[in-house]
Each structure stands twice: as C-alpha cells, then as structure tokens.
Amino acid sequence: MFRKHNIWRVFFSLIVLILSVSFVWVLVSAASTPLSTIGWKQVNESGFGKLQNIGTLDTFNGLMYAGTWADTGNVPEIWRTNNGRTWENFSPGFTPNTSSIMDAQPFSNSLYIGTLSVGNNALGASIWRSDGSNWEMIASDGFGDNNNLGIDSLFVYSNTLIAATVNYTSGVELWSSPNGDTGTWIQINTDGFGLGIAGQDSTMDTYNGFL
C-alpha cells in the first residue's frame, strides 16, 4: 500500500511540474511575441518622416486619410492610402498659422476637415473640403470669430453637417450647414450652451434620434 501511494505521489508531482513549465512557457512566449504577430503592424514611416502625430483618421471613396498635428514651425499634413501600406501626401495649401487637423468627415461627395490655429499667428479655425482631386477652404477665421481656435469635431446629423469649435473665451459653438458650402453656415447653439466657458466639444454622436 505504501508503495502504491508513492507511485501516485510521483505521478501527480510530474503532472504539476509539466503544467507549471507549460504555464511559464506561455507567459514567456506572450511577453516576447512581437505585436506584428498578434494583429498590429506599423504601416507608415514614423511621423510620415517628420516630428508629428496623427490627429484623425477617416475613409473617403475607398481611401484611408490621416490628418496630422504639426511640430513647431511646420504645418499639418493629410496623407492617404489605398492599401494601408503605401501613403501619398495630399495636403491643402495650409498657411503657417494652421497647427493641426482635428477631425475629418465625409459628407455630400466630399471629405471635410477641421483645423486648429494656435500660437502667435493664430487666426481662427478653418474648414476645408476635397472631392478627392482638389481642396477648397469653405470656412475660415473661426466663422468670423478668431476665438474659435479649432474645429474639434465634425458630424453628419439629419443630412446636415455639424461643426463644433474650440473656444476658451465665450465657450464652444456649434455651426451647421445643409450642404457644406461657403456662406451657408449658421450657429445653432448659444456660446458654451449658456453655461459659461465650456471650451470644446471633442466628439459627437446620435442616440434615440438626438445629437
């Protein structure tokens, strides 16, 4: 009987040892596994060759567009790709007072982007649009208020394009246009929603029919 118990103890000890070694091997393997083998792979040159970060991503007409935050002394850029690996610079003629691209939104056969303007040469936010071939600026100088430093968010609601501003003076403003054209934009809220300096609206979405 004593011998039989010893055999079972040895058997169970071996099982525990095998399981422990297997568990440690899994942990070590997971820790040393490159991100590329578990779904992530860098597909652009870091900063697209400059010291800049990506501020927005969106798709339009089958292409992925990436808008950047520029480093000091430079202007932001728009890059696009048709395969997720090779990128083309497709930037508007930004002026030096443009600091970054905050958001992008497809609407009515065009891609719209909102910019941020900060620093000594800040002139207010602008909105640009492209049909995939050319760019045009359709709103500038923060809708006539230089305190609207940026277009933080763009969203389509009820077939209308909505733009939300960054404004630390009188509060966030919401502007809308039925077609995105120059001269068709109207403010649809009171500054800061009447709550004082609510500075910015970072994102928008719909729920139960409301924006």
Side-chain angles (χ1 to χ4, degrees), residues 21-122 125-139 149-156 161-166 180 199-206:
V21 171
S22 299
F23 179 70
V24 171
W25 181 85
V26 168
L27 291 178
V28 172
S29 298
S32 61
T33 300
L35 288 177
S36 59
T37 65
I38 56 175
W40 290 98
K41 181 179 180 181
Q42 185 171 347
V43 293
N44 74 315
E45 181 183 4
S46 295
F48 296 106
K50 296 181 179 179
L51 184 59
Q52 58 183 356
N53 292 310
I54 295 173
T56 184
L57 291 168
D58 217 316
T59 55
F60 174 66
N61 283 353
L63 302 178
M64 169 70 79
Y65 286 77
T68 71
W69 291 68
D71 56 309
T72 303
N74 291 292
V75 296
E77 298 173 337
I78 287 280
W79 290 78
R80 64 183 181 181
T81 178
N82 64 359
N83 58 20
R85 296 182 300 276
T86 56
W87 295 83
E88 170 196 18
N89 190 329
F90 181 63
S91 301
F94 291 130
T95 56
N97 66 310
T98 303
S99 308
S100 63
I101 299 164
M102 303 292 285
D103 199 11
Q105 176 66 56
F107 175 69
S108 187
N109 300 317
S110 294
L111 178 68
Y112 288 76
I113 61 171
T115 72
L116 175 73
S117 179
V118 294
N120 295 330
N121 298 317
S126 61
I127 298 178
W128 295 71
R129 71 179 175 190
S130 174
D131 59 3
S133 298
N134 302 290
W135 287 99
E136 63 173 328
M137 185 167 60
I138 50 93
L149 301 176
I151 304 297
D152 218 0
S153 182
L154 293 164
F155 196 77
V156 177
L161 183 60
I162 311 293
T165 73
V166 180
Q200 56 184 315
D201 177 0
S202 296
T203 188
M204 291 183 278
D205 211 332
T206 55

Are Thr98 and Pro76 packed together at the side-chain level, in the sense that at least one heavy-atom pair is separated by less than 4.5 angstrom?
yes

Inspect the surroundings of CG in Asn109 and state if more than 12 heavy atoms from other residues, nucleotides or ligands are less than 6.0 Å away.
no

Nearest atoms (heavy-atom pairs only) where Leu154 meets Gln105
O-OE1, 3.5 Å

Enter the distance from Met137:CE to Thr95:OG1 here, rounded to the nearest 0.5 Å.
7.5 Å

Go through it in stages, so that I can follow the logic: the residues are Ile113 and Thr56, the test is side-chain contact (heavy atoms from CB on, under 4.5 Å), and I'd like the CA-CA distance, side-chain angles, deciding distance and then a yes or no.
CA-CA 9 Å; Ile113 61 171; Thr56 184; 5.9 Å; no

Going by side chain to side chain contact (heavy atoms under 4.5 Å, CB included), name the residues that satisfy it together with Leu149, two or more places apart in sequence or in a different chain.
Leu116, Val118, Tyr168

Return the CE to OG1 distance between Met102 and Thr165, rounded to the nearest 0.5 Å.
10.5 Å

Suppose we screen for side chain to side chain contact (heavy atoms under 4.5 Å, CB included). Which residues come up paired with Phe155, at least two apart in sequence or across chains?
Tyr157, Met204, Asp205, Thr206, Leu211

How far does CG of Asp131 sit from OG of Ser108, to the nearest 0.5 angstrom?
11.5 Å

For Trp135 against Pro92, the heavy-atom pair lying closest together:
CD2-CG, 3.5 Å

Tell me the closest heavy-atom pair linking Gly67 and Ile78, and the distance in Å.
CA-CD1, 3.9 Å

Which atom pair, heavy atoms only, marks the closest approach of Val156 to Phe107?
CG2-CD1, 3.6 Å

Test item: Asn97 side-chain N/O and Ser117 main-chain N/O as donor-acceptor pair under 3.5 Å:
no

By the salt bridge (charged side-chain N to carboxylate O under 4.0 Å, His left out) test, which pairs, at least two apart or in different chains, include something from residues 55-72?
none

Test side chain to side chain contact (heavy atoms under 4.5 Å, CB included) applied to Ala125 - qualifying residues, sequence neighbours left out
Ile151

Looking only at heavy atoms, the pair that brings Ser153 and Thr203 closest together is OG-CA, 3.7 Å

Sequence neighbours excluded - ring-ring contact (aromatic ring centres under 6.0 Å, His included) pairs with any residue from residues 49-82:
Phe48-Trp79

Might you point out which heavy atoms bring Ile127 and Tyr112 nearest each other, and give the distance in Å?
CG2-CD2, 4.0 Å

At what distance, to the nearest 0.5 angstrom, does CZ of Arg129 lie from CG of Leu111?
11.5 Å

Distance-only side-chain donor-acceptor flag, Trp128 / Ser130, under 3.5 Å
no

Is there a donor-acceptor pair closer than 3.5 Å between any side-chain N or O of Thr68 and the backbone N or O of Glu77?
yes

Results of side chain to side chain contact (heavy atoms under 4.5 Å, CB included) for Val75 - residues two or more places apart only:
Phe94

For Asn83, does its backbone N or O pair with a side-chain atom of Thr81 as donor and acceptor, under 3.5 Å?
yes

